[in-house]
Amino acid sequence: MKKLSIIGMPMDLGQMRRGVDMGPSAIRYAGVNERLKNLFDEVHDLGDIAIGRPEVAIDAESNLRNLDLVAEKSQLLANQVDQVVQEGAFPLVLGGDHSIAIGTLAGVAKHYKNLGVIWYDAHGDLNTAETSPSGNIHGMPLAVSLGIGHPLLTEVGGYNPKIKAENIVIIGARALDDGEKELIKEKGIKVYTMHEIDRLGMTKVMEDTIAYLKEKTDGVHLSLDLDGLDPHDAPGVGTPVNGGISYRESHLAMEMLAESGIVTSAEFVEVNPILDDKNRTASVAVALMGSLFGEKLL
Ligand SMILES: NC(=[NH2+])NCCC[C@H](N)C(=O)O
Ligand SMILES: [Mn+2]
Ligand SMILES: [Mn+2]
């Protein structure tokens with residue numbers, strides 16, 4: 001029995017551009033439920049995590065924007081995701097900015113000894129308060145999940161760390177801060193930058209990624225930031241970076257993941273309808289979900 005549970009996380013507190021809180025609505029409007037209905041025995045849309053309309057505030061001590069709120073709301077998401085996994089359903093989380101991965105991973109990782117993570121993104125999201133150029137928590141969730149960062153964030157879910165550096169594969173990187181580069185080297189994190197994607201081709205990148213993760217992990221979380229794609233294909237994102245992964249390469253990547261059967265949870269983040277062009281980015285997200293869950297033309 002294949003069950004999918006969809007959870008909306010309408011949170012925009014991890015960065016400064018308002019609008020990404022409307023991501024879950026935009027993705028639903030683009031037809032996520034209808035698209036995935038036939039690919040599972042059951043699809044349950046659990047609605048949105050309650051975020052409300054909190055006042056934004058910079059934590060004076062650590063310079064982390066909206067620290068307390070992000071920690072508090074992440075815990076709500078972690079609880080919901082945890083419950084979905086316990087029920088034996090596949091959790092699909094709709095963002096929201098990428099800080100929501102703190103909660104998603106906190107909910108998922110307690111069910112796996114060796115959770116793998118595919119971080120499909122232009123960025124590494126490996127900053128800490130010390131290395132961050134912006135104070136934006138959406139640039140930090142991968143570090144936080146490794147146990148590096150403010151304790152209010154690393155302790156979401158009540159355990160820490162969530163994942164191991166050797167179980168991570170970053171795909172699509174083309175904008176890394178100096179501190180992130182150092183952390184990648186220090187921890188030996190596997191990264192396919194745009195250079196490798198151009199050079200090897202997406203087929204080889206995904207073959208290698210799948211083989212690498214299959215060997216060492218007992219589950220794989222896909223954290224897909226729409227800014228991993230080129231801004232021509234996914235314009236509705238808050239931190240676009242030119243020279244990204246194409247729409248077609250992304251479909252290929254999702255289809256290869258579907259074939260491999262390794263993915264056990266997923267989130268699609270950073271869709272910002274205010275910055276989008278007629279909901280195109282949300283539609284791209286939904287189309288990619290179709291491929292990820294095994295949609296075929298023939
Ligand atoms: N999830 C994202 N879009 N992250 C963008 C992060 C940008 C920059 N590295 C920062 O830390 O501020
Ligand atoms: Mn990101
Ligand atoms: Mn990004």
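In each ligand, atom 1 is the first atom listed, and ligand 1 is the first ligand listed.
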Pairing residues for M256 by the side-chain contact (heavy atoms from CB on, under 4.5 Å) criterion, not counting sequence neighbours: T203, M206, E207, I210, L252
Numbering as shown, the atoms of ligand 1 that approach H98 to under 4.0 Å (heavy-atom distance): 1 (N)
Pair listing, salt bridge (charged side-chain N to carboxylate O under 4.0 Å, His left out) test, anchored in residues 115-144, at least two apart: none
Pairwise salt bridge (charged side-chain N to carboxylate O under 4.0 Å, His left out) hits with a residue in residues 246-260, at least two apart: none
Close side-chain approach of M9 to P24, heavy-atom, < 4.5 Å: no
Ligand 1 versus D227: contacting region, heavy-atom distance under 4.0 Å: side chain
Within 6.0 Å of OH in Y29, more than 12 heavy atoms from elsewhere: no
Sub-3.5 Å N/O-N/O distance, S132 and ligand 1: no
Within reach of ligand 1, part of E270 (heavy-atom separation under 4.0 Å): side chain
Partner of I7 under side chain to side chain contact (heavy atoms under 4.5 Å, CB included), chosen from Q80, Q83, H44: Q80
Close N or O approach (H138, ligand 1; < 3.5 Å): yes
I189 and V169, any side-chain heavy atoms less than 4.5 Å apart: no
CD/E215: more than 12 non-hydrogen atoms of other groups inside 6.0 Å: no
Of the protein N/O/S atoms, how many lie under 2.8 Å from the Mn ion (ligand 2): 4
D125, portion touching ligand 1 at heavy-atom distance under 4.0 Å: side chain
Location of contacts on D225 toward ligand 1, heavy atoms closer than 4.0 Å: side chain
Enumerated ligand 1 atoms positioned under 4.0 Å from heavy atoms of S134: 10 (C), 11 (O), 12 (O)
Centroid-centroid under 6.0 Å between W119 and H221 rings: no
